[in-house]
Amino acid sequence: MSVIQDNLKAVNERIEEALARAGRAPRTTRLLAVTKTFTPEVIQEAYRAGQRSFGENRVQELAAKAPALPPDCEWHLIGHLQRNKVRQALGFATWIHSVDSPALLERIQRLADEVGAAPKLLLEVNVSGEESKIGFAPDAVEAALAEMPAGPAECVGLMTMAPLGADEGTLHSIFGGLRQLRDRLQDRLGMPLPELSMGMSSDLEAAIAEGATIVRVGTAIFGRR
Ligand SMILES: *Cc1c(COP(=O)(O)O)cnc(C)c1O
């Protein structure tokens, strides 16, 4: 087996162990393999090991690589999306995890309608409120969802990133905070938001303990960038 295939197996085992420890059912967290900076040849190794969901954080890189991989790959855009890149993103990504403003939401709906795409969307939330300004403030998410412009794209949940090097307690409060926010929004809006995209190579256990349904893992599969 190749190193990448070994790594993939190890990450899948970490996921299943974390689910078991949390008392959650097996295979209720999906692995998104984050391929940024890695070549299609390297990604192909993961494909051969059975991985089908891949995440890129830049549209240009996504557009360059996706056509080089088999058509049954599912591409997720996980990085900040500029409004002038939405059209191109919709050509490749069927999931967008990084919807971070009402204006972007509006543009995605309009262009998805125009090009006949129906992407699944996650609103990125800045739970910790730390230095990074990316993402909705937690108290702005309800209005964004309540006033979601009509269109073919469907909002299926929330996404967050923990600050680098956060300690265990901080990780649990951020990931738990996203879950609680999701639970509140579902109650108040009567809108199903089943997906929680949270957890990366170094913190996926904490995220799964707090209810992650998608973990986004790069380094632990492909190595250092
Ligand atoms: C790069 C990236 C990841 C993966 O991080 P690793 O630490 O390499 O697992 C996850 N989410 C986003 C948004 C990223 O940009």
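In listed order, ligands and their atoms are each counted from 1. Numbers here are sequence positions counted from 1.
Heavy-atom contacts of G218 reach the following atoms of ligand 1: 4 (C), 6 (P), 8 (O), 9 (O) (cutoff under 4.0 Å). Within ligand 1, the atoms closer than 4.0 Å to a non-hydrogen atom of V217 are 9 (O), numbered from 1 in the order shown.
Nearest protein heavy-atom neighbour of atom 13 (C) of ligand 1: M161 SD, 3.3 Å. Of the protein's non-hydrogen atoms, the one nearest atom 9 (O) of ligand 1 is S201 OG, 2.5 Å. Among all protein heavy atoms, the one lying closest to atom 12 (C) of ligand 1 is I78 CD1, 3.5 Å. Residue, atom and distance of the protein heavy atom nearest to atom 10 (C) of ligand 1 are M200 SD, 3.1 Å. Here the heavy atom of the protein found nearest to atom 11 (N) of ligand 1 is R216 NE, 2.9 Å. Among protein heavy atoms, the minimum distance from atom 2 (C) of ligand 1 is reached at K36 NZ, 2.5 Å. Nearest protein heavy-atom contact of atom 8 (O) of ligand 1 is T219 OG1, 2.5 Å.
There is a side-chain donor-acceptor pair under 3.5 Å between Q82 and K85. Side-chain N/O atoms of E56 and T35 include a donor and acceptor closer than 3.5 Å. A side-chain N or O of S197 and one of R216 form a donor-acceptor pair less than 3.5 Å apart.
Enclosure of atom CZ in R30 by more than 12 non-hydrogen atoms of other residues, nucleotides or ligands within 6.0 angstrom is indicated.
Look at R225 and you'll find a heavy atom under 4.0 Å from some atom of ligand 1.
Annotation: W75 is not in aromatic contact with F92 [ring centroid separation under 6.0 Å not met].
Legend: residues meeting side chain to side chain contact (heavy atoms under 4.5 Å, CB included) with T170, ordered by chain and number and at least two apart, are A166, D167, I174.
R225 forms no cation-pi arrangement with F38, by the criterion of a distance under 6.0 Å to the ring centre and an angle within 45° of the ring axis.
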